[in-house]
Protein chains: 2
Amino acid sequence: MSGKPALKRANGPLTVVDDRSVAARLFALLDAFAAPAGATSLTLTLTALAERAGLPLSTTHRLVGELVGWGALTKQHNGQYSLGMKLWELGVQTPTAQNLRTIALPYLEDLYETTREHVHLAILDGRDALYLEKLSGHHAVRLTSRVGARLPLHSTGVGLVLLAHAPADVLQAYLATGLERFLPRTVTEPDAVRKRLAEIRLTGVARLSEEMTRGSSSIAAPIRDRTGRVVAAVSIVTRTTLIVDPEREYAVRLAAQGVSRALGYRRAQQ
Amino acid sequence: MSGKPALKRANGPLTVVDDRSVAARLFALLDAFAAPAGATSLTLTLTALAERAGLPLSTTHRLVGELVGWGALTKQHNGQYSLGMKLWELGVQTPTAQNLRTIALPYLEDLYETTREHVHLAILDGRDALYLEKLSGHHAVRLTSRVGARLPLHSTGVGLVLLAHAPADVLQAYLATGLERFLPRTVTEPDAVRKRLAEIRLTGVARLSEEMTRGSSSIAAPIRDRTGRVVAAVSIVTRTTLIVDPEREYAVRLAAQGVSRALGYRRAQQ
DNA sequence: CCGGCTACTTCCACTGAATGGAAGACACTG
DNA sequence: CAGTGTCTTCCATTCAGTGGAAGTAGCCGG
């Protein structure tokens, strides 16, 4: 691979920091493990890793050695490498994740108990909805989401809620890039999306059917912090039915309000 | 491997890999954020960070710049640094955590629902019980545990279960170091611990009262994978009462069995 | 308004840590 | 047992990283 500049990452969040710096190489190695979509966590051989990170084998070997020594990677019995516990340990200490999760979890559990459906908690990160938490029972519908997943803003319940309350420039930028159509019913036309967002702001809930995963629908509501800013969104994902039942919507609203209140939000204004 | 410098692996939090290497410096910076016990996630100024990591300020400045660029650290409005979302994102993809959690969560939820108590899921990592998951309602007792926390093996329910099924050498090594007494009732005498572990192996449950946190008791049971090896432990932590109630113990057992079965364990032998 | 303090940022000449090609070890496989 | 793919080690070369020092920004008290 001569192509001297920049690593050629294909899919996913490519954060080239500086390239050439040792740090950047280490990051490239870790990024090589970023799982694509809803896939299971990767496991790579040294050679595969070197290739994905765009580094010479011997360099990879040495750096991987350091990463393993620290615990960021683990070498399994079969010689494959995977992300290590140390990374998990540090990761769960990240303030945003840690705090929001801790505060929200009890309410999410309540929501799960009353509805028995998948419960999601997500925040806006860049151009994606980043799933912080997901509860689901033994049966519920199969889904692409998982904790740590990034899903599009325009085709998920939490995504639309987050988008509805995002700063104008973020919305602008998001709509500017073409929106992918996952299923026939996915709304991708910018103006239609804007209209939809206005309604979501008005009613305080988002409802979607068959826009991301066949056979499933979603109801989502915003979570606000003490300043009133929308910082996250909760949703439930249910099997699509024709009946619109207001009870579930109420349950989602209730959960969102509970978390907001726990974050210090008092619906003051007006 | 001449016995020269560094390479100080111990799997405690302070993992000096080689020192001098760029990687080691980066790791030191990240390690500086490792929260002590049950504390909230740290937030540090550049200077504090430099100090904790034992690096010159200018070096710290540059490296921190790279870490922020990649997303491992975040600079907050007030100029303080904290762990960043990228780290969380990678962390939750760690196979052990990811898989166990995904499989176990539904059972933990059931357990929470029937008991309304703190529910813990932990694995053995080094000399500690590492808490992978924690569910707790709005009320339950206040505790030191949290997801990502490390607590001692001899004074927690999950810890004792894990220790009871640990390889002989691990147990040996653990008992060799003096065990800390947290409360008057903490069992710290090696032989007493061994006896206790034998009982836990026999009955399949661990019960503790007032050994770690004042006012709380715990019931824990082992989780096995398809090979029959104990890979994790579940527990509930309740307010201490005088009544030993068998229902809760049954619920914990049930949850542990559920997860074990989901992991492919068939209680074959005997 | 200023001087003094602390905390952060930038600069750059020097140097030793990191590099990577190549060769050696290992492990399958047919 | 040669053949192929993968991993590990070595070491001369050099360029990325270093860190002392100087510059900048922000804050406080007088």
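Residue numbers start from 1 in every chain, and the chains themselves are labelled A, B, ... in the order their sequence lines are given, proteins ahead of strands.
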On DNA chain D, more 5' by nearest nucleotide between A:L46 and A:A23 is A:L46
Can you check the A:N78 CG to D:dT6 C1' distance for me, whole Å? 14 Å
Across all chains, not counting sequence neighbours, the side-chain hydrogen bond (donor to acceptor under 3.5 Å, both in side chains) partners of A:E180 are none
Could you work out, with salt bridge (Lys or Arg N to Asp or Glu O under 4.0 Å) as the rule, every residue matching B:R62, not counting sequence neighbours? none
Looking at A:A32, is its backbone amide N or carbonyl O close enough to the side chain of A:R52 to form a donor-acceptor pair, meaning the two atoms are under 3.5 Å apart? yes
Taking the nucleotide of DNA chain D with the nearest heavy atom to each, does A:L57 or A:V22 sit closer to the 5' end? A:L57
Plane angle bin for A:H138 and B:Y107 - parallel if under 30°, tilted between 30 and 60°, otherwise perpendicular: perpendicular
Distance check needed: D:dT6 P versus A:Q76 CD, whole Å only. 18 Å
Quick one: A:Q80 CD to D:dC7 C1', roughly how many Å, whole number? 13 Å
Starting from P on C:dA7, measure out to CD on B:E51 and report it in whole angstrom. 10 Å
Using modelled atom types and a 3.5 Å cut-off, is there a donor and acceptor pairing between side-chain atoms of A:Y174 and backbone atoms of A:L153? yes
Rounding to 10°, can you tell me the angle the first-five-pair axis of the helix from C:dC1-D:dG30 to C:dG30-D:dC1 makes with its last-five-pair axis? 40°
Ignoring backbone atoms, test whether A:H61 places a side-chain nitrogen or oxygen under 4.0 Å from the OP1 or OP2 oxygen of D:dC7. no
Less than 4.0 angstrom from a charged side-chain N to a carboxylate O is my criterion; do B:E133 and A:R101 meet it? yes
Non-neighbouring partners of B:R201 that pass side-chain hydrogen bond (donor to acceptor under 3.5 Å, both in side chains), sequence neighbours left out: none
Tabulate atom names and distances for all N/O pairs under 3.5 angstrom spanning the protein and nucleotides 20-23 of chain C.
{"unit_1": "C:dG20", "atom_1": "OP2", "unit_2": "A:R25", "atom_2": "NH1", "d": "3.1"}
{"unit_1": "C:dG20", "atom_1": "OP2", "unit_2": "A:T59", "atom_2": "OG1", "d": "2.8"}
{"unit_1": "C:dG20", "atom_1": "N7", "unit_2": "A:S58", "atom_2": "OG", "d": "3.1"}
{"unit_1": "C:dG21", "atom_1": "O6", "unit_2": "A:S58", "atom_2": "OG", "d": "3.1"}

Once you round it to whole Å, what is the distance between P of C:dA17 and CG of B:L26? 16 Å
Does A:Q257 have any side-chain hydrogen bond (donor to acceptor under 3.5 Å, both in side chains) partners at least two apart in sequence or in another chain, and if so, which? none
